[in-house]
Asker: 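The structure that follows is given in the form of structure tokens.
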Amino acid sequence: MKPRPVKHYRQPRYPTRLEVLSEPDLLRRNLPPGWRSLPGMAGSIALFLAANSVVQGADKKAASPAKAAVVAPIFDHGEGRGATGCVVVAPPVFLSEEEAWQVIDEELEKRGVKLPDARVELRGVQVPRRMETYSVKDGKMEEKIMETKGSAEAFSVDRANAQKHIAVEFVSQQEYSKAGGPFSMSTVQSYDFRQTARKLAEDLGQQAKDKVYLGVLYDPLESSAAEEFKKKQPKTRQDWRAYAKARTLEGTTESKRLLRLQVQDFLKWLEAQGAI
């Protein structure tokens, strides 16, 4: 059996924690008859309700200084990892900006969401350039990522809707460094789109001063076709060309499917936030 994520689930018939906290008398009104006849149980319930009221008040107090930007979590669809360079036998298949935005726009427009504004600068946000370096410890090479001093630049989100306060950033190969992805000084450049997207979302949530509902999407970088390469090992030039064409088509198709899932999850998140 192959486990699959749950895409749809029914609303629970029992009250959720948020419903109970929003209506403190709910538990008191629905106590089982047997519990009401026990003085000790009634006292415990009263103490429990009082404690929850304190917790609820503390939650509201802690959440009161709400940040201007509300950033969606990273929706994990696709590993988003790969590398290019002289020692990489089967480089990954990247989605171009045009391919990715065609998918993103198609999914957004299904819910009536349009992003007409391009390259919108987010006030207060500066993303530093990061560099990938290596050091040797105990005879083993260790990878380190460091920020280059004085390299932080103002950040402009890819697309936005100023009226609805919705913005989307797509982490691609072309803009990997701009999004905070570490660049390498060696002949091999590695990519970790998912982790870079996660770090970028964290930075945007902490720094952005504009009121915006922001989603950070990333290139899934589907690599299953690269694994097939190890099995086939094309030999002639004609075989290489045929394989490269099929592999690119397969990888691009699967990456687009995974990106659609990211956008669909983002739309569900927007709906939950009341943004659409």
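This is a predicted model, so every value here is computed, not measured. Throughout, numbering of the chain's residues begins at 1 and tracks the sequence.
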Asker: List in chain and number order the residues that pass side-chain contact (heavy atoms from CB on, under 4.5 Å) with Arg123, two or more places apart in sequence or in another chain; answer none if no residue qualifies.
Answerer: Lys209, Asp210
Asker: Tell me every residue that passes side chain to side chain donor-acceptor pair (under 3.5 Å) with Ser177, counting only those two or more places apart in sequence or in another chain.
Answerer: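 Checked Ser177 against side chain to side chain donor-acceptor pair (under 3.5 Å); matches are Arg129.
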Asker: Could you walk me through whether Arg257 and Glu254 pass the salt bridge (Lys or Arg N to Asp or Glu O under 4.0 Å) check?
Answerer: CA-CA 5 Å; Arg257 185 187 72 81; Glu254 180 61 10; 2.7 Å; yes
Asker: Are Phe183 and Tyr176 near enough that their ring centres are under 6.0 Å apart?
Answerer: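 Aromatic pair excluded; centres sit 6.0 Å or further apart.
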Asker: Nearest 0.5 Å, what's the CD-CG distance between Glu109 and Leu115?
Answerer: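 Answer rounded to 0.5 Å: 9.0 Å.
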Asker: Does a donor on one side chain sit under 3.5 Å from an acceptor on the other, for Glu97 and Ser172?
Answerer: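 Present: a donor and an acceptor within the cut-off.
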Asker: Please evaluate residues Arg81 and Asp219 with respect to the criterion salt bridge (Lys or Arg N to Asp or Glu O under 4.0 Å), reporting the C-alpha separation (whole Å), side-chain torsions for both, the decisive distance (0.1 Å), and the verdict.
Answerer: CA-CA 9 Å; Arg81 299 183 65 181; Asp219 187 342; over 6 Å; no
Asker: With respect to Val216, which candidate in Leu200, Thr196, Asp203 satisfies the side chain to side chain contact (heavy atoms under 4.5 Å, CB included) definition?
Answerer: Leu200
Asker: Looking at Asp105 and Arg159, is any side-chain nitrogen of the basic one under 4.0 Å from a carboxylate oxygen of the acidic one?
Answerer: yes
Asker: When you check the gap from the basic side-chain N to the acidic O, do Glu107 and Lys110 get nearer than 4.0 Å?
Answerer: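 Here Glu107 pairs with Lys110 in a salt bridge, since their nearest N and O are under 4.0 Å apart.
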Asker: How far does CD of Gln264 sit from CZ of Arg260, to the nearest 0.5 angstrom?
Answerer: 8.0 Å
Asker: Side-chain contact test, heavy atoms from C-beta onward, threshold under 4.5 Å: evaluate it for Leu122 versus Leu214 and give yes or no.
Answerer: yes
Asker: Which pairs with one or both residues in residues 173-188 pass salt bridge (Lys or Arg N to Asp or Glu O under 4.0 Å), sequence neighbours excluded?
Answerer: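 Output for this query lists Arg119-Glu175, Asp158-Lys178, Glu169-Lys178, Glu175-Lys178.
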Asker: Please report the interatomic distance CZ(Phe266) to CG(Leu108), rounded to the nearest 0.5 Å.
Answerer: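 Taking CZ in Phe266 and CG in Leu108, the distance rounds to 7.0 Å.
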Asker: Check whether any side-chain heavy atom of Gln173 lies under 4.5 Å from a side-chain heavy atom of Tyr191, and answer yes or no.
Answerer: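 Side-chain contact under 4.5 Å: yes.
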Asker: CG of Leu217 to CG of Leu261: how many Å apart, nearest 0.5 Å?
Answerer: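 Between atom CG of Leu217 and atom CG of Leu261 there are 11.5 Å.
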Asker: Quick check for you: to the nearest 0.5 Å, what is the distance between Leu267 atom CG and Gln262 atom CD?
Answerer: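 These two atoms lie 12.0 Å from each other.
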